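Report on the following structure.
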Amino acid sequence: MSFHITSSPSPLLHDPYPLCNLLPLHPKPTPRTFSFSSYNPNSPPFHTKNLLQTTHVSLQEPLPHETHIEKPKLDTNPPPPTSKRHPWINPNSPKASQLRKKSYDSRYSSLIKLAESLDTCPPNETDVSDVITNFGSKLFEQDAVVTLNNMTSPETVSLVLNNLLETVKPTREREVILYNVTMKVLRKSKDLEKCEKVFDEMLERGVKPDNATFNTLISCARKCGLPKRAVEWFEKMPSFGCDPDNVTLAAMIDAYGRAGNVEMALGLYDRARTEKWRVDAVTFSTLIRIYGYSGNYDGCLNIYEEMKSLGVKPNLVIYNRLLDSMGKAKRPWQATMIHKDLISNGFEPNWSTYAALIRAYGRARYGDDALIIYRQMKGKGMELTVILYNTLLSMCADIGFVDEAFEIFQDMKSSGTCEPDSWTFSSLVTVYSCCGRVSEAEAALREMREAGFEPTLFVLTSLIQCYGKAKQVDDVVRTFDQVLELGIEPDDRFCGCLLNVMTHTPKEEIGKLIGCVEKAKPKLGHVVKMLVQEENCEKGVFKKEASELIDSIGSDVNKAYLNCLIDLCVSLNKLEKACEILQLGLEYDIYSGLQSKSATQWSLHLKSLSLGAALTALHVWMNDLSEAALTSGEEFPPLLGINTGHGKHKYSDKGLAAVFESHLKELNAPFHEASDKVGWFLTTSVAAKAWLESRRSA
């Protein structure tokens with residue numbers, strides 16, 4: 001094994017030439033081949049007794065094996081003058097001051113001053129030589145090591161090394177120490193290029209590098225943020241007969257992970273678990289980042305739990321990476337737990353912490369939590385980026401926080417550091433459009449144009465929705481024409497918005513919108529025309545046309561299209577067509593799981609349906625119940641239930657449950673809202689049969 005020295009004088013005070021003994025005492029073992037098995041991060045964390053040791057080790061500055069050295073053992077027959085031990089000096093002796101001047105304490109202080117002089121002298125061979133010559137006494141090998149180790153100047157340290165090699169003339173076996181200490185000085189200044197130059201000079205002189213040489217180069221590359229270079233140096237070790245120790249291997253988990261070689265990093269970590277290497281917090285942080293980038297968020301949490309079970313304390317970087325991963329996973333509840341752990345462990349959240357929380361809560365649409373974090377950031381004087389502002393505004397647009405969106409937008413404009421971009425204005429227009437605030441939406445659009453941004457299809461889609469809510473059909477048509485004038489091709493979502501507007505439009509004005517739909521999507525326009533204009537067609541023709549429409553649109557919009565078509569049928573009082581479209585949705589598995597049956601309860605599930613589609617599904621279900629009970633004589637289970645969900649529309653005061661409660665009362669149906677199951681309306685089999693019989697007789 002090889003050693004490093006420290007800048008601390010304490011180990012040098014007991015031996016006159018202690019560093020001369022810091023050399024390999026045994027031949028190097030045969031290099032081993034590195035092979036690794038894959039590691040499964042989703043496996044449960046090991047029990048503590050089977051896990052790694054808990055000491056923190058890293059090849060980043062400072063390094064444990066370089067900053068803490070065991071006192072070297074003296075040779076049994078050391079050569080003079082190192083055979084003499086320093087005698088104890090009696091402080092009360094009249095000759096104490098003279099004896100101290102001759103002690104190594106005094107010499108060590110002189111060597112530190114020599115190092116300081118060399119740091120400040122001009123970086124040329126003449127000045128370096130003059131400083132060393134003027135030292136006043138002959139330098140020995142350990143003096144050379146102490147001098148180099150206490151230097152800080154990357155400009156002069158290589159010149160000092162060359163001078164000392166010529167003047168001290170160390171043995172070939174001892175030259176490697178001087179080279180290693182020189183590279184350590186260069187590592188402090190993050191100068192990998194000069195480090196590598198020293199390595200090349202080392203080889204030219206025929207000096208064989210050891211483990212400490214490669215450890216210094218690897219750690220320098222990591223400190224410089226060059227993990228691929230660290231990997232290159234690591235993979236050169238076997239060719240020089242160097243066998244990396246566990247400390248180096250553990251550090252390479254981080255280097256391979258940062259270099260993008262995930263398989264190698266995980267293989268090394270698998271070995272680390274098996275062979276009980278000491279793994280530091282930096283390496284755990286890299287592992288969490290690896291799993292976060294790959295989308296394995298359970299793997300992130302498992303690494304975090306293993307780390308805690310080992311007694312390795314997470315740092316703020318680890319907490320922030322976990323928060324970021326939970327945000328990408330849309331797990332805001334876990335982000336909240338990690339944030340609480342961070343606080344309870346005495347860490348102060350920084351900008352990255354708050355940014356990760358805003359992203360986590362914003363993506364998951366946890367509006368209240370996101371706004372709390374936003375106000376905490378503002379209270380601490382932290383500036384938000386455009387991306388964070390846009391994340392908050394997009395969230396507000398999705399959950400209907402109109403006033404909050406205006407507050408955030410004004411704060412963004414007055415910040416002095418962020419200018420609204422196209423996405424900012426898009427979110428603002430969407431917020432106002434979804435609640436039908438025409439004047440505010442138009443003002444936001446004007447401001448967008450004044451800022452130099454042309455409206456996108458997304459913005460114009462939102463504006464059409466706004467005009468539709470306000471029943472300003474002519475403005476809808478004008479905006480549609482503007483889309484075509486701008487050369488923008490309407491997409492499925494834009495056409496779906498037009499279709500949605502038609503469901504709120506008076507029958508006498510629907511014709512204006514049919515023309516727009518026919519231009520944007522002829523197949524959709526033809527189906528709508530068949531519904532609205534009551535075209536006479538043979539049986540099955542409408543179903544065929546609707547089927548072709550479904551085949552032509554994406555799976556992300558097909559349910560929205562069918563919901564709107566059914567809503568349109570209901571508004572036009574065409575229940576038969578509505579039932580036909582609902583049946584088509586069932587055949588295409590677009591409406592899946594509408595009905596369920598068990599031994600104790602039959603249920604109708606309406607949570608994902610529009611109001612018209614939900615009413616149509618209720619009508620079909622009631623007919624099915626009548627057929628089962630009154631015609632087929634099938635026995636009902638004890639309970640029958642309708643599940644509407646308990647939420648309300650983000651831009652409406654009423655949800656499906658409130659509307660259904662009123663509708664069931666109009667039908668005089670015996671379904672009543674369950675007190676212990678929110679969003680459920682229940683009735684007994686006896687009450688349901690009696691009601692169905694009364695409906696049939698009526």
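All residue numbers refer to positions in the sequence shown, counting from 1. Here the structure is a predicted model, which means the values were calculated and not measured.
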Are the side chain of Ser571 and the backbone N or O of Leu568 linked by a donor-acceptor pair below 3.5 Å?
-> yes
Going by heavy atoms in the side chains, are Cys418 and Leu384 under 4.5 Å from each other?
-> no
Do the ring planes of Phe671 and Trp621 sit parallel (below 30°), tilted (30 to 60°) or perpendicular (above 60°)?
-> tilted
How about Ser433 and Ser462: does a side-chain donor come under 3.5 Å of a side-chain acceptor?
-> no
Is the closest side-chain heavy-atom distance between Leu639 and Thr600 below 4.5 Å?
-> no
Within 45 degrees of the axis of the six-membered ring of Phe542 and under 6.0 Å from its centre: does Lys577 put its NZ or CZ there?
-> yes
Does the side chain of Ser555 come under 3.5 Å of the side chain of Asn558 through a donor N or O and an acceptor N or O?
-> no
Nearest heavy-atom pair of Ser415 and Glu383: which atoms, and what distance?
-> CB-OE1, 4.1 Å
Counting only heavy atoms not in Lys607, do more than 12 sit closer than 6.0 Å to its NZ atom?
-> no
Assess whether atom CG of Asp551 is packed by more than 12 heavy atoms of other residues, nucleotides or ligands within 6.0 Å.
-> yes
Presence of salt bridge, Lys544 and Glu548, under 4.0 angstrom | yes
To the nearest 0.5 Å, how far apart are OG1 in Thr353 and CD1 in Ile338?
-> 11.5 Å
Within a strict 4.5 Å, meaning less than it, do heavy atoms of the Pro420 and Phe409 side chains meet?
-> yes
Distance-only donor-acceptor check, side chains Tyr591 and Gln583, under 3.5 Å | no
Over 12 non-hydrogen atoms of neighbours within 6.0 angstrom of CD in Glu576 = no
Donor-acceptor side-chain pairing of Tyr361 and Thr336 below 3.5 angstrom | yes
Verify the distance criterion only: is there a donor paired with an acceptor across the side chains of Ser632 and Glu634 at less than 3.5 Å?
-> no
Using distance alone, with no hydrogens and no angle criterion, decide if His672 and Thr683 have a side-chain donor and acceptor under 3.5 Å apart.
-> no
Output for pair (Met622 CE, Leu640 CG), nearest 0.5 Å, gives 10.5 Å
Does a side-chain heavy-atom distance below 4.5 Å link Tyr354 with Lys380?
-> yes
Show the numbers, then the answer: is there a side-chain contact (heavy atoms from CB on, under 4.5 Å) between Asp403 and Glu407?
-> CA-CA 6 Å; Asp403 296 335; Glu407 173 196 342; over 6 Å; no
Judged by modelled atom types alone, do Thr424 and Asp421 share a side-chain donor-acceptor pair under 3.5 Å?
-> yes
Steps toward side-chain hydrogen bond (donor to acceptor under 3.5 Å, both in side chains) verdict (Tyr319, Asp324) | CA-CA 9 Å; Tyr319 281 120; Asp324 194 55; over 6 Å; no
If every non-hydrogen atom of Pro455 is compared with every non-hydrogen atom of Leu445, which pair is closest and at what distance?
-> CB-CD1, 3.7 Å
What's the spacing between Leu609 CG and Leu656 CG if we round to 0.5 Å?
-> 7.5 Å
Ion pair present between Glu509 and Lys512, side-chain N to carboxylate O less than 4.0 angstrom?
-> yes
Just wondering, are more than 12 heavy atoms of other shown residues or ligands nearer than 6.0 Å to CZ in Arg449?
-> yes
Taking atom CD of Glu419 as the centre, does the number of heavy atoms from other residues, nucleotides or ligands within less than 6.0 Å exceed 12?
-> no
Does the side chain of Tyr297 come under 3.5 Å of the side chain of Asn302 through a donor N or O and an acceptor N or O?
-> no
So how far is it from Asp341 CG to His339 NE2, rounded to the nearest 0.5 Å?
-> 10.5 Å
Taking every heavy atom of Glu673 against every heavy atom of Gly679, the minimum-distance pair comes out as OE2-N, 4.3 Å
Could you tell me whether Arg437 and Glu442 have a side-chain N and a carboxylate O separated by less than 4.0 Å?
-> no
Determine, stepwise, if the pair Leu594 / His605 fulfils side-chain contact (heavy atoms from CB on, under 4.5 Å).
-> CA-CA 5 Å; Leu594 284 185; His605 304 278; 5.5 Å; no
Within a reach of under 6.0 Å around CZ of Phe406, are more than 12 heavy atoms found that belong to other residues, nucleotides or ligands?
-> no
Is it the case that more than 12 heavy atoms not belonging to Lys378 sit under 6.0 Å from its NZ atom?
-> yes
Sub-3.5 Å donor-acceptor pair from the side chain of Asp589 to the main-chain atoms of Ser592, do we have one?
-> no
Would you please test Leu575 and His619 for side-chain contact (heavy atoms from CB on, under 4.5 Å) and show each step?
-> CA-CA 9 Å; Leu575 187 57; His619 171 80; 3.6 Å; yes
Salt bridge (Lys or Arg N to Asp or Glu O under 4.0 Å) assessment of Asp298 paired with Arg331 | CA-CA 11 Å; Asp298 290 328; Arg331 300 179 185 179; 3.0 Å; yes
Thinking salt bridges, do Glu545 and Lys529 make one under a 4.0 Å N-O criterion?
-> no
Heavy-atom count around Lys543 NZ within 6.0 Å, excluding the residue itself: above 12?
-> no
Which residue, Lys521, Lys523, Lys559, forms the salt bridge (charged side-chain N to carboxylate O under 4.0 Å, His left out) with Asp492?
-> Lys521
Does a side-chain N-to-carboxylate-O contact under 4.0 Å join Asp474 and Arg478?
-> no
Which heavy-atom pair separates Trp691 from Pro670 by the least distance, and what is that distance?
-> CG-CD, 3.5 Å
Whether Ser427 side chain and Trp423 backbone form a donor-acceptor pair below 3.5 Å = yes
How long is the gap from CZ on Arg695 to CG on Asn623, to the nearest 0.5 Å?
-> 7.5 Å
Does a side chain donor of either Asn500 or Asn563 reach within less than 3.5 Å of an acceptor in the other side chain?
-> no
Taking the side chain as every heavy atom from C-beta outward, state whether Tyr561 and Cys564 have any pair of such atoms under 4.5 Å apart.
-> no
Taking the side chain from Ser552 and the backbone from Leu549, do they hold a donor-acceptor pair closer than 3.5 Å?
-> yes
Asp411 side chain to Tyr374 side chain, donor-acceptor N/O pair below 3.5 angstrom = yes
Would you sort out whether Val476 and Leu498 count as a side-chain contact (heavy atoms from CB on, under 4.5 Å), showing the intermediate values?
-> CA-CA 8 Å; Val476 172; Leu498 282 173; 4.0 Å; yes
Leu625 vs Trp602 side-chain heavy atoms within contact, under 4.5 Å | yes
Taking all non-hydrogen atoms of both residues, which atom of Val483 and which atom of Pro490 are closest, and how far apart?
-> CG1-CG, 4.5 Å
Side-chain donor-acceptor contact under 3.5 Å, Ser285 with Arg321 | yes
Pairwise side-chain contact, Val438 with Lys469, heavy-atom cut-off 4.5 Å (strictly under) = no
Any side-chain heavy-atom pair from Phe401 and Ile408 closer than 4.5 angstrom?
-> no
On a heavy-atom basis, the closest approach of Ile358 and Ala370 is CG1-O, 4.4 Å
Rounded to the nearest 0.5 Å, what separation is found between the CZ atom of Phe660 and the CG atom of Leu611?
-> 7.5 Å
